[in-house]
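Notes for the one structure printed next.
Fair warning: this is a prediction, and the values are worked out from it, not measured in the lab. Throughout, protein chains are lettered first and strands after them, A, B, ... in sequence-line order, and every chain is numbered starting at 1.
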Protein chains: 2
Amino acid sequence: MLPNLLGFNVRRAHMALWRDFNRTVGIGQIRPGIFSLMVLVDENPGIAQIELATQLKIDKATIVGLIRQLLRQGWIERRQSGADRRRQDVFLTDLGSRELVGLRREMIEHEAKFLRLFSRQELADFFDYLRRIQI
Amino acid sequence: MLPNLLGFNVRRAHMALWRDFNRTVGIGQIRPGIFSLMVLVDENPGIAQIELATQLKIDKATIVGLIRQLLRQGWIERRQSGADRRRQDVFLTDLGSRELVGLRREMIEHEAKFLRLFSRQELADFFDYLRRIQI
DNA sequence: TATTGTTATACTCTATAACTATA
DNA sequence: TATAGTTATAGAGTATAACAATA
């Protein structure tokens, strides 16, 4: 039964990617969740935590823990929003920005190992299929 | 960057499936990991723990925790192997077998929500792609 | 009343290292 | 020496519930 379950196959694909990520990207310093949060902050300077939660599709309480790690590493900083004082605007620090350059490079190296298993058209279809089930 | 990363998309697809599984299958009693272990035991009565670890691609130490839960629930039982006394042969109990009937039905219901998003050919391709990255 | 962020808590899933019993 | 299973420990990653501050 298992080999014919979509959930089982997605789960194993996820585990394989996860393991290679951890061997390749920011070894001992970073995980997929933290990486994607950093990229989001880099691409949206001053983004609010609630917005990070929405875009990453995880609970706002979960964001707090990730933010705390990145603050401890000195890779991000927060400033209270002027417009809405409930909000904490999140930015990368200079250190965080420099770090992310290397992480992105490692990320591309990691992705390449998997991307090369597909033709251009297969990849386009694969992404399409994966997006369909991101309900 | 994120929407164009294979890892990011697989991760989100995994989360979507995980959440729906937990709303649909064995509510409050079971998780994807436990379910797949039960199915494996059902299809391979007397399977050894080391074999479960190999087939599920997780460490043998991790199996112990899952086995312990299922023992507590009375859904599996173990007998020492006659041939190799290091081994513990794992079986479903009658209770476990009856339980699994309902769980399989819920699993199919859960899968159907996602499978119906694809044509037969798309699904065949999708499974092929997912298997390629299960390194 | 609703939203943003926080704290406390708990659970799943995974791994590594060191161990016992057995092969 | 190698393998099967266990224990202890750790660390991601997620969630829910209740709360303070602010809108």
Atom-pair distance ([atom1] on [X]; [atom2] on [N]), nearest Å:
X: B:Asp89; N: D:dA4; atom1: CG; atom2: P; result: 13 Å
X: B:Gln29; N: C:dC11; atom1: CD; atom2: P; result: 15 Å
X: A:Ile58; N: D:dA15; atom1: CD1; atom2: C1'; result: 11 Å
X: A:Leu70; N: D:dA12; atom1: CG; atom2: P; result: 12 Å
X: A:Ile63; N: D:dT14; atom1: CD1; atom2: C1'; result: 11 Å
X: A:Met15; N: D:dG13; atom1: CE; atom2: P; result: 14 Å
X: A:Asp59; N: C:dA10; atom1: CG; atom2: C1'; result: 14 Å
X: A:Phe21; N: D:dG13; atom1: CZ; atom2: C1'; result: 13 Å

Phosphate OP1/OP2 of [N] contacted by [X] side-chain N/O (<4.0 Å):
X: A:Gln49; N: C:dT3; answer: no
X: B:Arg68; N: D:dT7; answer: yes
X: A:Arg87; N: C:dT4; answer: yes
X: B:Arg31; N: C:dT14; answer: no
X: B:Thr62; N: C:dA15; answer: yes
X: B:Arg19; N: D:dA15; answer: yes
X: A:Arg85; N: D:dA23; answer: yes
X: A:Arg12; N: C:dC13; answer: no

Distance col, row A:Arg12:CZ vs A:Leu2:CG, nearest 0.5 angstrom, shows 8.0 Å
So, for B:Phe35 and A:Met1, which heavy atoms are closest and what is the spacing to 0.1 Å?
CZ-SD, 4.3 Å
Side chain of A:Arg86 (C-beta onward), nearest among C:dA21, D:dT7, D:dA23:
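Out of C:dA21, D:dT7, D:dA23, the nucleotide with an atom closest to A:Arg86's side chain is D:dA23.
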Nearest-neighbour nucleotide for the A:Leu66 side chain, C:dG5, D:dG13, D:dA17 considered
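Per side-chain heavy atoms of A:Leu66, the pick is D:dG13.
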Within 45° of the six-membered ring axis of A:Phe91 and under 6.0 Å from that ring's centre, is NZ or CZ of A:Arg79 located there?
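Verdict for A:Phe91: a cation-pi partner in A:Arg79.
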Result for 5'-nearest mapping on DNA chain C, choosing between A:Gln88 and B:Lys60, is A:Gln88
With a non-hydrogen cut-off below 4.0 angstrom, is A:Asp84 in contact with a base, only sugar-phosphate, or nothing?
sugar-phosphate
If you look at every strand shown and take non-hydrogen atoms under 4.0 Å, does A:Ala48 touch a base, only sugar-phosphate, or nothing?
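Sugar-phosphate only.
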Any side-chain heavy atom of B:Leu130 within less than 4.5 Å of one from A:Phe126?
yes
Between A:Phe114 and A:His110, what is the ring plane arrangement, given parallel below 30°, perpendicular above 60°, and tilted in between?
perpendicular
Residues B:Lys113 and B:Thr24: side-chain donor-acceptor under 3.5 angstrom
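The answer is yes; a qualifying pair exists.
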Closer to the 5' end of DNA chain D via nearest nucleotide, is it A:Pro32 or A:Ala61?
A:Pro32
